[in-house]
Number of protein chains: 2
Amino acid sequence: MMNLEKALKRLRENNHKVTMRRRDIITFFEQENRYVNARAVMDFMENLHPSMSFDTVYRNLHLYEQLNILEVTTLDGEKHFRMKCSPEHHHHFICNDCGSTKKLPLCPMDQATELLLGYDIEDHKFEVYGRCPDCQFTL
Amino acid sequence: MMNLEKALKRLRENNHKVTMRRRDIITFFEQENRYVNARAVMDFMENLHPSMSFDTVYRNLHLYEQLNILEVTTLDGEKHFRMKCSPEHHHHFICNDCGSTKKLPLCPMDQATELLLGYDIEDHKFEVYGRCPDCQFTL
DNA sequence: ATCGATGCAAACTCTTTGCATAGCA
DNA sequence: TGCTATGCAAAGAGTTTGCATCGAT
């Protein structure tokens, strides 16, 4: 699992500066085991940095994605981010309510590959959506 | 597989009018075995109806989605539509180049369900992306 | 004739970009 | 000091909506 220390190291290794904003964004993701959108990051950051701008949120989310610090998925046409999980390949259950995730240590690609001879496979997506135990009885 | 006849029937059954535009949109999807975006529908329709507006494209795509005439998926944050396939549950390979699809008659949910006791599963998505045989050597 | 469908224009959401300034190394 | 990160403002893409009119039934 990615964390603050590793993330800052990766920033430095790739010649990016470590700013307060960058540090705080990582801190936010460190404590949120779930997919959040740019809005949520902005809400968190505005408290710490009243002058925070959305541009910086987006720019850094994009940077973190490139540096493999964050994972991305598109939910309802909106990008959602979370701290990068373990390096082993896996998929996720994602709660429609709170965005929290549960790892699914399985992958259907073995079977799918057999059905796709002659096809050039570049990527795949497997996600399960619903309500996590905590969110089932709220509302 | 959904077709023009069934689609018009479903429109009437749900008290929607059958207009030329609606008929022609269905005809377009009938001959395209692939996921296309609103832009592609618009391009096709503009030839037949020079006064065609994007609003009508979007309104009808949305209507067809609700009536289960079209399937939807979000690719790169953009909605893509195709004619509803066979009623048996299945998934798709989707070509990143032309949007053409190949059915994958398999579903990882049996195994996933076992891992998600206590979770309320509402939906899931499994898609494989890449290049179909026809698109591999173009470019 | 009635009521839903459409075109027009505007607005809305999410996201990206150019530029001058602020701030890390 | 030098160069990157940031805020501001503006723009861009995709999509939705209110309203007057058009058109299917």
Side-chain angles (χ1 to χ4, degrees), chain A residues 4 7-28 35-67 69-70 72-82 99, chain B residues 4 7-28 35-67 69-70 72-82 99:
Chain A
L4 177 63
L8 300 187
K9 181 158 166 281
R10 192 161 300 178
L11 277 172
R12 293 195 188 92
E13 284 170 355
N14 291 79
N15 292 5
H16 294 284
K17 291 177 180 169
V18 174
T19 64
M20 282 312 283
R21 271 139 233 252
R22 285 193 174 152
R23 177 179 253 109
D24 291 337
I25 290 175
I26 301 287
T27 305
F28 173 64
Y35 276 107
V36 298
N37 58 15
R39 173 79 258 165
V41 179
M42 185 62 181
D43 287 347
F44 174 83
M45 293 295 290
E46 268 180 329
N47 290 327
L48 304 179
H49 308 275
S51 70
M52 187 77 189
S53 74
F54 248 114
D55 326 79
T56 301
V57 171
Y58 279 112
R59 274 190 278 237
N60 284 319
L61 290 177
H62 187 245
L63 175 64
Y64 290 157
E65 181 186 352
Q66 290 190 309
L67 294 179
I69 290 170
L70 295 181
V72 195
T73 193
T74 300
L75 304 174
D76 266 321
E78 196 182 1
K79 285 191 179 179
H80 286 65
F81 303 81
R82 58 156 295 145
Chain B
L4 177 61
L8 299 188
K9 180 158 168 278
R10 194 161 299 178
L11 277 173
R12 293 195 188 93
E13 285 170 355
N14 290 79
N15 292 7
H16 295 286
K17 292 179 180 168
V18 174
T19 64
M20 282 311 284
R21 271 137 232 254
R22 286 195 173 149
R23 177 179 253 110
D24 291 338
I25 290 175
I26 301 288
T27 304
F28 173 65
Y35 277 106
V36 298
N37 58 15
R39 173 79 258 166
V41 179
M42 186 61 180
D43 287 348
F44 174 84
M45 293 295 289
E46 268 180 329
N47 291 325
L48 304 179
H49 308 274
S51 69
M52 188 77 190
S53 74
F54 248 114
D55 327 78
T56 301
V57 170
Y58 279 113
R59 275 190 278 234
N60 284 317
L61 290 177
H62 187 245
L63 175 65
Y64 290 158
E65 180 186 354
Q66 290 190 309
L67 295 179
I69 291 170
L70 295 180
V72 195
T73 192
T74 300
L75 305 173
D76 266 321
E78 194 182 1
K79 285 191 181 178
H80 287 63
F81 303 81
R82 57 156 297 143

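Chain letters run A, B, ... following the sequence lines, proteins first and then strands; every chain starts at 1.
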A/D76 vs B/T74 side-chain heavy atoms within contact, under 4.5 Å: no
Pairwise salt bridge (charged side-chain N to carboxylate O under 4.0 Å, His left out) hits with a residue in residues 52-67 of chain A, at least two apart: none
Pairwise 5' ranking along DNA chain D for B/R12 and B/E78, keeping only the more 5' one: B/E78
Interatomic distance where CZ belongs to B/F54 and C1' belongs to D/dT17 [whole Å]: 16 Å
Any side-chain heavy-atom pair of B/L11 and B/Y64 under 4.5 Å: yes
Listed partners of B/R39 passing salt bridge (charged side-chain N to carboxylate O under 4.0 Å, His left out), at least two apart: B/D43, B/E46
Sugar-phosphate, base or nothing in reach of A/S51, heavy atoms under 4.0 Å: sugar-phosphate
Shortest side-chain distance from B/R59, nucleotide among C/dA25, C/dC14, D/dG18: D/dG18
Between C/dC14 (C1') and A/M42 (CE): distance, integer Å: 14 Å
Any donor-acceptor N/O pair, A/R22 side chain to A/N60 backbone, under 3.5 Å: no
Nearest-Å distance for atom pair CG/P, residues B/L63 and C/dA5: 7 Å
Using a cut-off of under 3.5 Å, enumerate the N/O to N/O pairs linking the protein to nucleotides 21-23 of chain D.
residue, atom, partner, partner atom, Å
D/dG23, N2, B/K17, NZ, 2.7

Interatomic spacing from CG in A/L63 to NE2 in A/H16 - rounded to 0.5 Å: 4.5 Å
Closest approach of A/L61 to A/F81 (non-hydrogen atoms, all atoms of both residues): CD1-CE1, 3.6 Å
Separation of D/dT6 P from A/E46 CD (nearest whole Å): 16 Å
Presence of A/H16 side-chain N/O under 4.0 Å of D/dA5 phosphate oxygens OP1/OP2: yes
Sugar-phosphate, base or nothing in reach of A/M20, heavy atoms under 4.0 Å: nothing
Spacing between A/H49 atom NE2 and D/dA5 atom P, to the nearest angstrom: 16 Å
Between the protein and nucleotides 9-11 of chain C, list the N/O to N/O atom pairs that are separated by less than 3.5 angstrom.
residue, atom, partner, partner atom, Å
C/dA9, N6, B/D55, OD2, 2.3

Separation of D/dA5 P from A/L61 CG (nearest whole Å): 15 Å
Distance test, side-chain N/O of A/N15 to OP1/OP2 of D/dC3, below 4.0 Å: no
Gap between atoms CG and P, on A/D24 and D/dT6 respectively (whole Å): 11 Å
Where B/M42 and B/M52 come nearest, the two heavy atoms and their spacing: CE-O, 3.1 Å
Sugar-phosphate, base or nothing in reach of B/H62, heavy atoms under 4.0 Å: nothing
Partners meeting side-chain hydrogen bond (donor to acceptor under 3.5 Å, both in side chains) with B/T73 (sequence neighbours left out): B/K125, B/E127
Below 4.0 Å: OP1/OP2 of C/dT15 and any side-chain N or O of A/Y58: yes
Spacing between A/N14 atom CG and D/dA5 atom C1', to the nearest angstrom: 16 Å
Sugar-phosphate, base or nothing in reach of A/N37, heavy atoms under 4.0 Å: nothing
Below 4.0 Å: OP1/OP2 of C/dA5 and any side-chain N or O of B/R22: yes
side-chain hydrogen bond (donor to acceptor under 3.5 Å, both in side chains) against B/H49, all qualifying residues, sequence neighbours excluded: B/D24
